[in-house]
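Reading through the structure tokens given below for one structure.
In listed order, ligands and their atoms are each counted from 1. The residues of the chain are indexed from 1 along the displayed sequence.
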Amino acid sequence: MKTRITIICENSVSLKGGLGEHGFAAYLETERGNYLFDTGRGQTLIPNLLHFDKDPLSIQKIILSHGHQDHTGGLASILELLGEVEVLAHPDVFSTRYHVSQKDGKEVRRFAGMKFKRAYLESLGGKFILEKSYRRVTREMFLTGEVPRMTSFEKGDAKLFAESGGNLIPDPFLDDQSLVIESPKGLVLLLGCAHSGLINILEYIFEKTGRDQVYAILGGTHLDFASPLQVEETIAALKKYKVEHIGVSHCTGLKAASRLSTEFRESFFFGQVGETLEVG
Ligand SMILES: [Fe+2]
Ligand SMILES: [Fe+2]
């Protein structure tokens, strides 16, 4: 059987229908069962699973890319349906985090972390399996764990902060991780927001898998919040890897998505709600 990835939560929808919300989630159908990667912001996960005929009760494990609320907001609603289920994440997924901006000379803080307490999610049945390092999920599927920051041009988003010892510090996003699938066609990389930097993530999965090319990339790249230099350096690096399908969206933003579309032409598609990728 093929592995099929369907985007369930995303900021926008296509003619396939479903609901949009600022967030991300994907449903994976594999020969070893079905998995949920992220849960969106909270309002569209269950309606969209049902809209696309995906049985929420078939989900074997939930995987979280990081603790932002636009990726974890649907966790309670899916746990209410599933009851006891493993949730794979990094220990920092529960960090208290904020988006901080300036308006009229004043600081504006918006809470951006997970909106549920761990104990509440556990009372619903969530069994958190928290790890920092690269790990196997199934025979073909891996979670990156912490990604080393190697490139000089991937700077992170200067408006994102985390609480540490009562102070706000630039969010280190140690919990930011991505899912890797080893398919007969090549590696498939499923991103949450890629806060670690898309090229850092790619270099790390090449190191871990021993491969040097990636067949497909799906998910959020956070390039909407990157400098023009970072966008161009990212495109230059991607060209070296000869990616066949680039289905990014969410925090990629329209400007960076249009640059990627121009550069990668038919390899590029905008990964909206309902878009699918099949491998195997
Ligand atoms: Fe996001
Ligand atoms: Fe994020």
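For the Fe ion (ligand 2), protein N, O or S atoms closer than 2.8 Å were enumerated as His66 NE2, His68 ND1, Cys193 SG, His195 NE2, with waters left out.
Between Tyr98 and Phe161, the distance separating the two ring centers is not shorter than 6.0 angstrom. Between Tyr27 and Tyr35, the gap from one ring centroid to the other reaches at least 6.0 Å. The aromatic ring centroids of Tyr241 and Phe206 lie less than 6.0 Å from each other.
Pairing each heavy atom of Pro172 with each of Ala162, the nearest pair is CD-CB, 4.3 Å. The two atoms that bring Ile201 and Ser196 nearest to each other are CG1-CB, 4.0 Å, heavy atoms only.
Here the N, O or S atom of His250 that is nearest to the Fe ion (ligand 1) is NE2.
Screening His222, His71, His68, His90 for a ring-ring contact (aromatic ring centres under 6.0 Å, His included) involving Phe173 leaves a single residue, His68.
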